[in-house]
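Report on the following structure.
Please read all numbers here as calculations on a predicted model, not as lab measurements. The first residue in the sequence is number 1, and the count goes up from there.
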Amino acid sequence: MSEAVVCATPGCGKPGKMACPTCKKLGVPANISSFCTQDCFKAYWPQHKGFHKVFTQSQVAAEDKFFGYRFSGDLRPGTVSPQKTMPDHIKKPDYAVSGIPVSEQAADRSNKIPVYTAEEIAGIREACRVGREVLDLAGNSIRIGMTTNEIDEIVHAACIERNVYPSPLNYYHFPKSVCTSVNEVICHGIPDSRPLQDGDILNIDVTVYKDGYHGDLNDTFLVGNVDEEGVRLVKNSFDCLAAAVAMVKPGTMYRDLGRQIAAVAEAEGFSVVKTYCGHGIGSLFHTGPNVPHYAKNKAVGIMKPGHIFTIEPMINVGSWRDGRWPDDWTAVTTDGKRSAQFEHTILVTETGYELLTARQDEPVMKWDLAKVQRCL
């Protein structure tokens with residue numbers, strides 16, 4: 001279920017029982033437009049009324065961006081609500097205010113794959129554990145008719161409750177705390193006001209920043225009654241990740257993962273996206289190594305104990321080629337056909353690997369339809 005609606009007056013905390021009439025006309029989400037009483041609404045009106053102009057301007061700006069754009073599929077963007085902030089007491093990455101990950105950009109020039117110490121691994125493991133909690137909470141909330149903006153609200157609140165920062169928030173100015181990618185969206189979908197529909201597939205990509213370390217993972221969910229092709233696609237994307245994870249051990253070349261992923265995808269008639277890759281992660285959101293998911297790639301590096309990285313193959317029904325919406329983030333298939341993805345953060349150990357983002361009872365990947373099917 002989605003979060004309970006509370007009064008929009010800062011510090012009130014009482015249930016929001018009545019909606020601002022103007023907000024209702026504008027389509028403002030209930031969680032930021034509802035008030036407990038008429039008296040509370042009137043008292044906060046001088047401040048609240050300014051929000052109407054801000055919200056309207058953001059809608060116009062979004063509509064202008066998409067004017068004349070030719071969509072590849074049936075999906076259309078909804079309204080993106082204003083960006084949220086995080087409490088001052090929560091530790092934040094260097095881009096939280098500026099939007100620019102300066103330390104990450106500096107590290108890119110070195111081209112080195114970090115080998116993490118036992119203390120650093122413990123920190124990353126804890127970030128990954130919390131990330132799994134947040135993703136499972138968001139996944140279990142999915143219902144037909146809820147919006148992806150509601151999922152963002154759940155993730156944002158869950159991060160605050162756990163004293164962690166949602167890593168996507170303001171990363172290169174990404175406006176939300178989680179990525180939600182529906183149907184033909186490959187990755188980096190921005191949560192908005194579009195209700196989830198019976199038959200959608202939905203990827204939720206969560207990354208959290210805790211005590212100086214990031215943990216990154218994602219799952220694709222079946223919303224209601226998904227057709228046979230959609231179920232087959234989602235399972236195949238899981239199988240592609242599982243096949244690559246099974247190869248992780250000291251001495252494996254990073255470039256070899258893509259060949260195995262492509263073989264699993266192509267055996268089912270699917271294709272592998274080439275633009276977006278897995279990546280190293282730790283004190284930085286993205287660092288070395290680069291982990292392509294397609295065959296005949298030119299990734300550099302050999303796995304060593306202490307390496308930590310993500311594998312996150314994006315598998316398409318049709319062409320592997322991708323395009324991007326005018327919002328500068330939403331990556332979509334060029335033919336409008338569906339895409340699915342799963343992701344884990346992985347540690348290379350002395351003898352093999354550890355799934356840092358695994359559920360507590362799943363140290364090895366195992367397909368379970370019940371964990372990705374969401375009804376009602």
Please tell me whether Tyr171 and His286 form a close aromatic pair, meaning their ring centres lie under 6.0 Å apart. yes
Modelled atom types, side-chain donor and acceptor of Ser181 and Asn203, under 3.5 Å: no
Determine, for Asp256 against Arg259, whether the closest basic-nitrogen to carboxylate-oxygen distance falls under 4.0 angstrom. yes
Only one of Asp74, Asp200, Thr333 passes side-chain hydrogen bond (donor to acceptor under 3.5 Å, both in side chains) with Asn183, and that residue is Asp200
Note: Glu362-Lys371 ion pair, threshold 4.0 Å (strictly below): yes
With no hydrogens and no angle check, just 3.5 Å: does a side-chain donor-acceptor pair link Tyr95 and Gln105? no
Under the side chain to side chain donor-acceptor pair (under 3.5 Å) definition, can you give me all pairs with a residue in residues 288-309, not counting sequence neighbours? Tyr254-His307
For residues Tyr209 and Phe285, establish whether the separation of their ring centroids is below 6.0 Å. no
Lys/Arg N to Asp/Glu carboxylate O, Arg338 vs Glu229, below 4.0 Å: yes
Do Val178 and Leu196 belong together in a cluster built from hydrophobic side chains that touch within less than 4.5 Å? yes
Whether Arg359 and Asp219 form a salt bridge (side-chain N of Lys/Arg under 4.0 Å from carboxylate O of Asp/Glu) is what I want to check. yes
In a table with atom names and distances, give each donor-acceptor pair under 3.5 Å that connects a side chain of residues 118-125 to protein atoms at least two apart or in another chain.
unit_1, atom_1, unit_2, atom_2, d
Glu120, OE1, Thr117, N, 2.8
Glu120, OE1, Thr117, OG1, 3.3
Arg125, NE, Glu354, OE2, 2.9
Arg125, NH2, Glu354, OE1, 3.0

Atom pairs and distances, donor-acceptor, side-chain atoms in residues 260-274, under 3.5 Å, two or more places apart:
unit_1, atom_1, unit_2, atom_2, d
Glu268, OE1, Arg232, NH1, 3.0
Ser271, OG, Gly318, O, 2.6
Ser271, OG, Trp320, N, 3.2

Side chain to side chain, Ile315 and Gln341, heavy atoms closer than 4.5 Å: no
Please tell me if the side chains of Arg129 and Glu126 come closer than 4.5 Å, counting only heavy atoms from C-beta onward. yes
With a 4.0 Å cut-off on N to O distance, would you call Asp328 and Arg324 a salt bridge? no
SB check Glu133 Arg162 (cutoff 4.0 Å): yes
Just by distance, with hydrogens left out, do Thr207 and His214 show a side-chain donor and acceptor under 3.5 Å apart? no
Have Asn149 and Ser193 got a donor and an acceptor in their side chains that come within less than 3.5 Å? no
Checking Asn140 against Arg374: is there a side-chain donor and acceptor pair closer than 3.5 Å? yes
Are side-chain N/O atoms of Asp216 and His279 paired as donor and acceptor at under 3.5 Å? yes
Would Ser141 and Leu137 satisfy side-chain contact (heavy atoms from CB on, under 4.5 Å), going step by step from the backbone distance to the final call? CA-CA 6 Å; Ser141 76; Leu137 183 67; over 6 Å; no
Donor-acceptor pair between Ser81 and Lys176 side chains, under 3.5 angstrom: yes
Does the ring centre of Phe71 sit less than 6.0 Å away from the ring centre of Tyr69? yes
Asp227 atom CG, neighbour heavy-atom count above 12 within 6.0 Å: yes
Compute whether any side-chain donor of one residue and acceptor of the other, for Glu312 and His344, lie under 3.5 angstrom apart. no
For the residue pair Ser103 / Asp94, report whether a side-chain donor-acceptor contact shorter than 3.5 Å exists. yes
Should the heavy atoms of other residues, nucleotides or ligands under 6.0 Å from CG of Asp361 be counted, would the total exceed 12? yes
Indicate, with yes or no, if Val245 and Leu217 share a hydrophobic cluster defined by side-chain heavy-atom contacts under 4.5 Å among Ile, Leu, Val, Met, Phe, Trp and Tyr. no
